[in-house]
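Structure first, commentary second.
By convention in this document, chain letters (A, B, ...) are assigned in the order of the sequence lines, proteins followed by strands, and residues within each chain are numbered from 1. Excluded from the calculations below are hydrogen atoms, water molecules and symmetry mates; all remaining heavy atoms, backbone and side chain alike, are included.
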Number of protein chains: 2
Amino acid sequence: MIETPYLLFLGDAPDMLAAKVAIGIRDWRPENAVGQIRLPNCGADLGLAEMTLQEGLDAGAKTLVIGVANRGGVISQAWKDLLIEALRMGYDLAAGLHNLLRDEGDLVAAAQTYGGTLHDVRVPTDGYPIASGVKRTGKRCLAVGTDCSVGKMYTAMAMERDMTARGMKATFRATGQTGILITGHGVPLDAVVADFMAGSIEYLSPDNDDDHWDMIEGQGSLFHVSYSGVTMALIHGGQPDALILCHEPTRKHMRGLPGYKLQSLEMLRDTALPLAQIANPACKVVGISVNTQHMTDADARAYLAEVSARMALPATDPYRYGSDLLVDALAAL
Amino acid sequence: MIETPYLLFLGDAPDMLAAKVAIGIRDWRPENAVGQIRLPNCGADLGLAEMTLQEGLDAGAKTLVIGVANRGGVISQAWKDLLIEALRMGYDLAAGLHNLLRDEGDLVAAAQTYGGTLHDVRVPTDGYPIASGVKRTGKRCLAVGTDCSVGKMYTAMAMERDMTARGMKATFRATGQTGILITGHGVPLDAVVADFMAGSIEYLSPDNDDDHWDMIEGQGSLFHVSYSGVTMALIHGGQPDALILCHEPTRKHMRGLPGYKLQSLEMLRDTALPLAQIANPACKVVGISVNTQHMTDADARAYLAEVSARMALPATDPYRYGSDLLVDALAAL
């Protein structure tokens, strides 16, 4: 559990792309971000209040979040001075970098000296159980994709926001580093030991009110040979009542796997649903989320209409056209 | 890589059940075991030559293997004296215990003092890559089950032995602690971090001769919600050319999951094969291995005949009736 709210550290990010994590926090949990703090040569700007460390503290910030992907895996000395000063002033630090805060001797020393906590969200912190498979109360929705990086996190985040706006009970459950930094807690599933993967998702999504929806963040794809085991554990540990199928139709091959062609939405439905029904016989596929970023508006709308008719399911691009159709489908379950 | 041959330490095993690992080594790699060494109150006997540590060394043993499951997770002082003496005499130690050799200070000290190695086969020792999905040369066979503990390891071991006897090229590839201790190497897949599961199997089963078969040890089941992610990673990392379906027909529910009924062999075929064909479009289901230990001979034969006719596949219990039918099917591919 990372203490909120945050001050967002953008460091010397060369551009907005490098500030993806900070952008996610600003967009999905604006109440978690009191402002931004940047080094002189920073090329990213979130449009948040520019603050010093002291101003961040005065605004209530508890944690300085490194909201930027660093280059070359090195935490530079330019960062270090500011991070150590933050610890001295009483901040915790949180990061999802490849190289860990806890592996930096001077940060560890400062954290011990000043009583701060270093959160490396790539590393599991809890002891997870082996999955029991016992049915939990409450409802769960999981986005599964024909490939990695097709919009599964975005879909769950957008649906959570729109469900909350409608007065439905919904909680986004983070399973990756970006989601964990955005919400302050979750399971870094790709770093969990194999035997405990499904159990970590049971732990992440415990019993809840009958009318409460956990919107579990998807990972990988059953069709992506590098990460399919992670997806499988999400399907069985998550016990979803509802699956959303995610797709990016213009992709020429599976992400990072040039020899692997994309599978169809029908294949995804026919593969994921029977597997999900092992853990939850009532599970249904309720809708389709299409990432249409590489299509014109006319092409996107035509594609969504075609796929919706073909598969007899609501279909939308939640980024472009909102997630209402998908939320309607959940509400109707 | 654990140095062979071994001297098998049976400790104070109360009975043969507790000596499962040692029995596996004796049965499947008799050339790896020069003899057995026991404490006075040992209730297990492998029928191997009874040896002192010195006699084991004289017979060429390089590693003392703890071939027994300890009670209560404690390495007793009665064991310790002998293990430290073994290290002093030049042995390495190997174990698959829940509590690790490396967590015992006196064993670590003795290993450092005398230059021995402590092999905890539950713990991955190599840095595994993320799976690339690139097609490897050589052929691979994977046993998949309707449940855990239905005979997948036994099936692969028996087929490897019978293939070798026929002059076929075959290598058992261990993915669990027992298999690793038996053969001296492998990947403890259930302890590998999620992101590297499929990659660890690519690493375990590299390019090989076109007519060479890797017999990859299966783990878990696509239908067992606690471990299905591990099975998924084996299917995609293994790129099998051939699947063997494993089943134990008398089981009332999934192992350790009272609320989960057993799935059918047809469901296993229809689930596993399309997933395997993602990584290897040429993959085929070639046969069925049935664990008939709880059936009479007449019932077992009738069941095998029925299931073979129903699914148009060779079916046998390799423990009871040999694996020839399955090896024939591989040879015919």
Side chain, backbone, both or neither of [X] within contact of chain B (heavy atoms, under 4.5 Å):
X       : answer
F223(A) : both
V192(A) : backbone
S228(A) : both
S132(A) : backbone

Give me the atom names and distance for the closest heavy-atom approach of [X] to [Y].
X       : Y       : result
L275(A) : T271(B) : CD2-CG2, 3.7 Å
M197(B) : A194(A) : SD-CB, 3.5 Å
S226(A) : A131(B) : OG-O, 2.6 Å
L222(B) : H236(A) : O-CE1, 3.0 Å

Below 4.5 Å from any heavy atom of chain A, which atoms of Q219(B) appear? Answer side chain, backbone, both or neither.
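For Q219(B), no heavy atom lies under 4.5 Å from chain A.
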Atom group of E202(B) that falls short of 4.5 Å from chain A, counting heavy atoms:
neither
For I278(B), which of K261(A), M267(A), H224(A) qualifies under side-chain contact (heavy atoms from CB on, under 4.5 Å)?
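Per the side-chain contact (heavy atoms from CB on, under 4.5 Å) rule, the option paired with I278(B) is M267(A), out of K261(A), M267(A), H224(A).
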Determine whether more than 12 heavy atoms belonging to other residues, nucleotides or ligands lie under 6.0 Å from atom [atom1] of [X].
X       : atom1 : value
R122(B) : CZ    : yes
K135(B) : NZ    : yes
R140(B) : CZ    : yes

Mind ranking I130(B), I235(B), L257(B), T231(B) by heavy-atom pairs under 4.5 Å with chain A and telling me who comes out on top?
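Greatest number of close heavy-atom pairs with chain A: I130(B).
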Listed by residue number, which members of residues 175-189 of chain B have a heavy atom under 4.5 Å from any heavy atom of chain A?
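Heavy-atom contacts from residues 175-189 of chain B to chain A are L189(B).
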Counting heavy-atom pairs under 4.5 Å with chain B, which one of A198(A), A233(A), G133(A) comes out on top?
G133(A)
Hey, which of D190(A), V193(A), L234(A) has the most heavy atom pairs under 4.5 Å with chain B?
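Of the options given, most contacts go to D190(A).
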